[in-house]
Amino acid sequence: MLRGRRRMESTLDAQSLISISLRKIHSSRTQRGGIKLHKNLLVSYVLRNARQLYLSERYAELYRRQQQHYPDGAPLLAMPACPPPPAPPELPVLPLPADTQDREVRSCAAVRGGAELLEGPVCAAPPELQRAPCRDSSPGFYRAAGSAGPGGGGGGGSSAAPGLLYAAGCDFGTGGVPHCSSRTTVLDLDTHVVTTVENGYLHQDCCSQCPCCCQPVAGLASPPPAPGTKRKYYPGQEEEEEGVEEGEPGGGGVAGGPPFAPCTKRARFEEYSAEHPQDSSNISNLISIFGSGFTGLVSRQQADSEQPLNGQLCGKQALASLGAWTRAIVAF
Amino acid sequence: MEQPSLRSLMISPAGCKVGRSSFLLEPEQITWGRSFFLLHPKDNMEGESICEVDSGDGLGADIISTVEFNHTGELLATGDKGGRVVIFQREPESKNEPYNQGEYNVYSTFQSHEPEFDYLKSLEIEEKINKIKWLPQQNAAHSLLSTNDKTIKLWKITERDKRPEGYNLKDEEGKLKDLSTVTSLQVPVLKPMDLMVEVTPRRIFANGHTYHVNSISVNSDCETYMSADDLRINLWHLAITDRSFNIVDIKPANMEDLTEVITASEFHPHHCNLFVYSSSKGSLRLCDMRASALCDKHSKLYEEPEDPSNRSFFSEIISSVSDVKFSHSGRYMLTRDYLTVKVWDLNMETKPVETYQVHDYLRSKLCSLYENDCIFDKFECAWNGSDSVIMTGAYNNFFRMFDRNTKRDVTLEASRESSKPRAILKPRRVCVGGKRRKDDISVDSLDFTKKILHTAWHPTENIIAIAATNNLYIFQDKVNSEMH
């Protein structure tokens with residue numbers, strides 16, 4: 001129990017560090033002398049570290065609860081499996097630039113400030129945990145998660161071409177029966193088009209490892225991405241069975257590969273204004289200001305052939321590849 | 001044991017009148033040979049309180065941002081946040097009072113940089129002087145380079161102590177004479193006048209940097225110098241302002257791939273082809289300009305692997321190198337990161353040869369130091385003239401000295417409160433729990449707003465200049481004036 005409390009403390013620390021860091025980045029915009037690249041780079045490292053810890057804690061907890069709830073050994077989740085839906089470049093309703101097919105946005109985790117930030121990617125959460133993120137409809141630019149079940153829509157990782165934020169994912173509902181959400185809402189940060197897709201889509205990543213999770217839904221909006229499509233996964237994914245690994249999944253770039261994924265588009269940040277910089281709930285606005293829906297939060301996959309379709313991917317993908325932050329800094 | 005009577009001087013950058021106090025020698029100090037006291041001003045003391053510069057505008061424009069001795073130690077330059085440079089000159093030693101070694105008085109004050117506005121990027125460019133570097137003196141004039149975030153300026157400092165008198169066509173006020181009154185011709189004669197120090201900007205090196213300039217370094221060839229910003233290093237010729245050569249560029253093709261920035265750089269003191277630059281990741285790169293025009297590929301990379309047991313949220317921040325200095329011998333480099341100073345041997349790239357903990361008690365406080373931004377403070381470090389002692393600043397107006405030979409270290413405080421009449425600086429101690437001696441400071445009562453970021457050591461003598469916010473302290477070691 002004490003371990004649990006300590007764990008809780010560390011996750012709270014991580015949360016507060018994240019919100020502090022975001023506040024720093026935001027206030028650096030108005031600092032005299034312009035944005036200090038060095039300082040913001042260091043802040044983004046802290047942000048990344050805090051998020052790594054938080055997410056690993058969350059997954060550990062997920063797995064524990066899962067064990068508690070399903071001690072009969074038939075885990076609801078073979079893994080915390082709610083990978084973001086693949087980038088559907090052919091999604092008819094979304095005007096996607098052609099060159100973004102191989103980019104994905106793992107923006108869920110990044111876009112929220114403070115505690116909200118960290119709930120985003122946990123689409124694989126057990127019902128009670130998932131409710132919070134999945135039911136998210138944070139203001140403004142973030143996704144309004146459609147929800148198909150009582151448990152709320154999949155909070156989850158969003159995988160999209162850059163410039164898109166959308167909520168998609170597995171909705172496990174209260175019954176704990178995973179199924180893909182039947183509705184997703186997408187916001188294109190570049191064109192500011194908000195689109196809702198009624199039917200689900202194929203989560204290729206998800207399904208390959210978690211067949212129960214994502215059934216191919218009729219009305220598939222788009223085919224899965226081609227196998228050769230470059231995906232941005234965190235290198236060094238651990239096996240799901242062990243649950244969430246503590247420590248440094250991917251090491252934030254240390255594990256090889258550039259830690260930052262390139263963003264393709266700069267957000268039209270001048271169109272947004274952060275009226276309440278201190279309001280953490282508006283930090284999501286802040287993030288969108290920074291641009292490109294945080295495409296950069298996914299680190300590049302080391303080998304294209306590798307498809308580590310770990311369910312942890314969902315959350316860990318959101319781990320800070322610092323690119324988006326840096327881009328944000330440079331954008332100013 | 002002889003107790004020298006020591007007096008002290010604290011000078012503010014604007015040269016306000018100073019107070020006087022002196023320090024007593026403590027037994028430990030004697031054995032170690034370090035007995036620093038504040039220098040004594042020539043004028044007699046009224047015992048008034050020490051003047052602290054505060055222009056009252058609340059903007060902190062008087063905060064000292066850089067301190068640098070010239071190559072002989074005769075001159076000491078300080079730059080402040082308001083773009084001003086104040087130069088102090090050491091008075092020649094007086095034979096009458098042997099203990100009254102030359103102290104530093106204000107020599108010249110000038111406005112080096114003004115705030116600017118970059119209209120293209122809608123950015124204000126701060127006038128704060130980031131660095132001052134003296135050029136080696138080649139004639140009667142002195143020259144220095146001063147830089148803010150964007151622009152480097154070369155200033156020439158000249159003295160005028162004679163004035164021509166007896167012009168034929170002009171009268172004493174300079175007005176033209178009525179020619180009809182001129183009846184005879186005379187040769188103008190130079191007459192002595194009050195010393196006037198003139199400072200003129202001779203070169204302005206502008207538009208060389210996109211990012212913030214963090215360091216400048218004059219080459220030993222005395223013809224070129226380099227300036228480094230976060231991502232690039234440029235090589236300039238001192239006489240040419242309209243172009244510079246880019247010698248290091250670590251900007252990635254995609255800014256998202258950025259993982260480190262340049263934090264400091266310096267030319268080797270003897271080899272004009274070598275320079276070093278430090279990064280935010282804690283590594284040093286030694287580059288040879290003979291290898292290629294663009295020195296992106298380092299000749300040597302100095303990096304110590306991180307200790308995994310010390311890993312924390314802030315590992316990247318505290319490993320960022322804030323200052324790098326070559327030793328006078330050119331054999332070693334000194335680096336400062338947030339908690340340590342390290343001595344590197346140029347011949348060994350795998351790890352530093354010496355590591356000194358400056359304030360390791362802060363390791364458990366990194367979170368709150370992050371919140372109040374103190375963790376981003378960039379402390380400088382300095383060698384003494386013989387490379388046997390290194391010095392760096394800390395919080396609570398403390399500064400630390402480490403003797404490389406004896407491995408002893410001392411913590412001293414630069415503040416007027418700590419000065420008593422006829423006393424020298426008393427070593428201070430920070431206690432981290434456990435036994436607490438009298439006069440110890442506990443970690444929790446450290447004042448983190450009082451930070452000593454900038455320190456300088458006289459090139460040949462044991463005189464140090466310590467900048468504590470908007471006050472400048474100059475201390476001298478009385479017992480051992482010469483290097484040993």
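Heavy atoms only: backbone and side chains are in, while hydrogens, waters and symmetry mates are out. Letters A, B, ... are given to chains in the order of the sequence lines, protein chains preceding strands, and every chain is numbered from 1.
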> Within a strict 4.5 Å, meaning less than it, do heavy atoms of the B:Cys367 and A:Asp13 side chains meet?
Replying inline: no

> Side chain, backbone, both or neither: which part of B:Glu116 has a heavy atom under 4.5 Å from chain A?
Replying inline: neither

> When you look at A:Leu42 and B:Ile375, which way does the side chain to side chain contact (heavy atoms under 4.5 Å, CB included) test go after all the steps?
Replying inline: CA-CA 10 Å; A:Leu42 296 178; B:Ile375 205 174; over 6 Å; no

>> Could you check whether A:Lys24 makes a cation-pi contact with B:Tyr370, meaning its NZ or CZ is under 6.0 Å from the centre of the six-membered ring and within 45° of the ring axis?
In response: yes

>> Using heavy-atom distances under 4.5 Å, tell me whether B:Thr263 contacts chain A through its side chain, its backbone, both, or neither.
In response: side chain

> Under a 4.5 Å heavy-atom cut-off, does chain A meet the side chain of B:Phe376, its backbone, both or neither?
Replying inline: side chain

> How long is the gap from CD1 on A:Ile35 to NE2 on B:His212, to the nearest 0.5 Å?
Replying inline: 8.5 Å

> Is it the side chain or the backbone of B:Ser320 that comes within 4.5 Å of chain A heavy atoms, both, or neither?
Replying inline: side chain

> B:Leu258 versus A:Leu37: any side-chain heavy-atom pair under 4.5 Å?
Replying inline: yes

> Would one find more than 12 heavy atoms of other residues, nucleotides or ligands at under 6.0 Å from atom CZ of B:Phe117?
Replying inline: yes

>> So, taking the atom named CZ in A:Arg32 and the one named CG in B:Asp149, what distance separates them when rounded to the nearest 0.5 Å?
In response: 10.0 Å

> Can any side-chain N or O of A:Tyr45 pair as donor or acceptor with the backbone N or O of B:Ser315 at less than 3.5 Å?
Replying inline: no

> Which atoms form the tightest heavy-atom contact between A:His38 and B:Ser280, and what is the distance?
Replying inline: NE2-CB, 3.4 Å

> Checking B:Leu231 against chain A: side chain, backbone, both or neither under 4.5 Å from a heavy atom?
Replying inline: side chain

> Does a side-chain heavy-atom distance below 4.5 Å link B:Glu316 with A:Asn49?
Replying inline: yes

> Which atoms form the tightest heavy-atom contact between B:Thr259 and A:Leu41, and what is the distance?
Replying inline: O-CD2, 3.5 Å

>> Tell me if the CG atom of B:Asp118 is crowded by more than 12 foreign heavy atoms within 6.0 Å.
In response: yes

> Hey, does the side chain of A:Lys39 reach the backbone of B:Asp373 with a donor-acceptor pair shorter than 3.5 angstrom?
Replying inline: no

